[in-house]
Amino acid sequence: MSEDIKVKDGLRESATFDRNTMTEIRRAAETGIYDIRGFGAKRKLPHFDDLLFLGASMSRYPLEGYREKCNTSVTLGTRYAKKPIVLDIPVTIAGMSFGALSANAKEALGRGASLMGTSTTTGDGGMTPEERGQSSKLVYQYLPSRYGMNPDDLRKADAIEVVLGQGAKPGGGGMLLGQKITDRVAKMRTLPMGVDQRSACRHPDWTGPDDLAIKIQELREITDWQVPIYIKVGATRTYYDVKLAVKAGADVIVVDGMQGGTAATQDVFIEHVGIPTLAAIPQAVRALQEMGMHRKVQLIVSGGIRNGADVAKCMALGADAVAIGTAALIALGCNHPMYDEEFKKIGSAAGFYDDYHEGKDPAGISTQDPELMKRLDPVDGGRRLANYLNVLTLEAQTLARACGKNDLRNLEPEDLVALTVESAAMANVPLAGTSWIPGKGY
Ligand SMILES: Cc1cc2nc3c(=O)[nH]c(=O)nc-3n(C[C@H](O)[C@H](O)[C@H](O)COP(=O)(O)O)c2cc1C
C-alpha cells in the first residue's frame, strides 16, 4: 500500500495494523485456516534493481553492439557428466509441476525453451510426454515427494535436478489441492483423484549430506554417468549448503532466492522464510571459490528474475546461468489484463492473481480445467516465451558489451555498484560513488 493513502482527511492508518493486516486478521478469524497462495514474495526486498552497471568510458573499452560478438552460450555439467548440457543462452526454464500447471503450459514452456536453444525442467508430478516431446533439453526433477518419479523417465532426461528446497519455501513442501487432482494428474502420481496432496519437505531416504552423496551415486549409475546431476536449494544458509552439495558430488548447483515463485504454499512461508536472491549469490560464489570449484561446478540462480538486467547482474555476481519461473508464466499470458473481468469474478484482478492452487486461472495456465486449459495454445505460448527469452538475452548482451565484455560470463562484480547500503552489503559490491563495501570480509 502506498504511503500517500495512509493519511486521508486527517485520519491516520497504522503502519503496523494497516488495512491489509486487518483484512488478513479478519479472514483468519472467520475461517480458522491459514492463507495459501502461489507466486513469490510480495513484500519489497533488496533486489537487482538496487544494483547498477558501470558502463565503460575512459578506463574501460566498450564493445560495438552491431559488429562485435558477445557470447551467450554456456555448458552445464562439466564436472562428471559424459554429456554436459550446452545451452545457447544462459536463461533456463525452472522446474514447475505438472498438476500445478496445465499440460498445455508445460508443453509451451518446452517449445519456447527449445526455440531458443535452452532447457526446461519437469517438476513435482513427473514428466509429460508433450513436455518431453517438445523440449530439446529437458531436466528431470527428483523431488522429496517422488510424485510421478519414474526410472524410465530419469533415463529420458538430459540432466537430473535433485530438489532439496525452493526459495519460496525452504524447509517446506508444496501443496496441490484436490480440485486440481484430475484423473491424469492422479495417475501420474499414483494417488487418488480429488484429494489434497501435500508434498514432503525432505527426502524420505536420507537424513544428511552423506546420504545425498550416495543418492547422487545411485542416480549416476541409473543414468550411466551420462547426464549432469544438479542440486537445487532454497536460499538460506547458502554458503554451507553449496559447500555440502559440491562435496556430495553435484555437477551443477541451483540456488533459488526467496523471491522465487511457487504454485501453492502458506503465505507466511513465502514472506518470512529464506534470504533474498541478491544476498544468496555472493555466498554461493564464495563457497565455490574457496573450494576451487567456481565455474567447474556451475551455478544457476533463480528467484525474481524479470529482465536482461537481472540476468546480467546475476552473471556479474558469478552465476553461470539463471532460471525463470514466474516471468515465463507471464510471458505465456499469466495475469493478462485481457482476462480482467474473469479475474474479478473469482475475487482477484489481472496483475494480482496468485490463487494458483484453486485451479481457476482464466489464462488457462495454472489449471487442470479442460475448458480453461484450451485457452493456452502451446504453439503460440511457446512463440511468446521464445520472444521473451530472446529479449532477455539481447538486453543482457547490451549491458555486457557496454562493460566491454565479449562473453556474458566475463561480467564481474567489479562492473557493479549498489544504490543502498543494504544491497551493497548483501551483494558485496561498493556503494555507488564510493569504494565502500559495507561489512566487507563478511
Ligand atoms: C507454478 C509454479 C510451480 C512450481 N513448481 C515447482 C516444482 O515442482 N519443483 C520445484 O523445484 N520448484 C517449483 N517451482 C519453483 C521454480 O522452480 C523456481 O524455483 C521459481 O519459480 C523461480 O523464481 P521466479 O518464479 O521468481 O522466477 C514452481 C514455481 C511456480 C511458479
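Both counts, for ligands and for their atoms, begin at 1 and track the order of listing.
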Between Ala41, Gly325, Gly165, Gly95, which one has a non-hydrogen atom sitting closest to atom 28 (C) of ligand 1? Gly95
Taking the side chain as every heavy atom from C-beta outward, state whether Pro276 and Gln259 have any pair of such atoms under 4.5 Å apart. yes
State the atoms of ligand 1, each with its element, that fall below the 4.0 Å cut-off from a heavy-atom position in Gln259. 26 (O)
Taking only non-hydrogen atoms of Ala263 and a 4.0 Å limit, the atoms of ligand 1 in range are 1 (C), 2 (C), 3 (C), 30 (C)
Geometric cation-pi criterion Arg286 and Tyr239, 6.0 Å radius, 45° cone: yes
Would one find an N or O of Gly304, backbone or side chain, under 3.5 Å from an N or O of ligand 1? yes
Counting only heavy atoms closer than 4.0 Å, does ligand 1 sit against the backbone of Met96, its side chain, both, or neither? both
Do Thr262 and ligand 1 have an N or O pair less than 3.5 Å apart? no
Would you say NZ of Lys82 has more than 12 non-hydrogen atoms from neighbouring residues, nucleotides or ligands within 6.0 angstrom? yes
Is it the case that ligand 1 has an N or O less than 3.5 angstrom from some N or O of Lys232? yes
Arg79, Lys296, Lys83, Arg220 screened by salt bridge (charged side-chain N to carboxylate O under 4.0 Å, His left out) with Asp251, the one that passes: Arg220
With Val417 as reference, evaluate Leu54, Leu431, Asp50, Val429 under the side chain to side chain contact (heavy atoms under 4.5 Å, CB included) test and give the passing residue. Leu54
So if I count the atoms of ligand 1 from 1 in the order they appear, which ones are less than 4.0 Å from some heavy atom of Gly303? 22 (C), 23 (O), 26 (O)
For atom 20 (C) of ligand 1, find the nearest protein heavy atom and state the residue, atom name and distance (0.1 Å precision). Gly261 N, 3.5 Å
With heavy atoms and a 4.0 Å threshold, my read on which part of Thr326 contacts ligand 1 is both
Can a non-hydrogen atom of Ala327 be found less than 4.0 Å from any atom of ligand 1? no
Is any side-chain heavy atom of Leu176 closer than 4.5 Å to one of Arg189? yes
Would you indicate which of Val255, Asp256, Leu143 comes nearest to atom 19 (O) of ligand 1 when only heavy atoms are counted? Asp256
Assess Thr122 for proximity to ligand 1: is some non-hydrogen atom of it under 4.0 Å away? no
Do ligand 1 and Ser97 have nitrogen or oxygen atoms that lie under 3.5 Å from each other? yes
Surrounding CZ of Arg202 (heavy atoms of other residues, nucleotides or ligands, distance under 6.0 Å), is the total greater than 12? no
Any cation-pi pair here, Arg184 with Phe98, using under 6.0 Å and within 45°? yes
Polar contacts were defined as any N/O atom of the residue lying under 3.5 Å from an N/O atom of the ligand; does this apply to Gly260 and ligand 1? no
Would Lys345 and Phe343 count as a cation-pi pair here, with the cationic atom under 6.0 angstrom from the ring centre and within 45° of the axis? no
Which residue and heavy atom of the protein sit nearest atom 9 (N) of ligand 1, plus the separation: Gln141 OE1, 2.8 Å
With a cut-off of 4.0 Å, which atoms of ligand 1 are near a heavy atom of Ile324? 27 (O)
Is a side-chain donor-acceptor pair under 3.5 Å present for Gln298 with Thr78? yes
Reference residue Asp158; test side chain to side chain contact (heavy atoms under 4.5 Å, CB included); the match among Ile85, Val139, Leu76: Ile85
Just one of Asp256, Thr326, Thr92 clears the side chain to side chain donor-acceptor pair (under 3.5 Å) bar with Ser302, so which one? Asp256
Counting heavy atoms under 4.0 Å, the part of Asp124 that contacts ligand 1 is both
Find all atoms of ligand 1 within a distance of less than 4.0 Å from any non-hydrogen atom belonging to Gly123, and give their numbers and elements. 8 (O)
Per-atom filter on ligand 1: closer than 4.0 angstrom to a heavy atom of Val163 are 11 (O)
For atom 18 (C) of ligand 1, state which one of Ala94, Gly167, Cys334 supplies the nearest heavy atom. Ala94
Are the charged groups of Asp340 and Lys344 less than 4.0 angstrom apart, N to O? yes
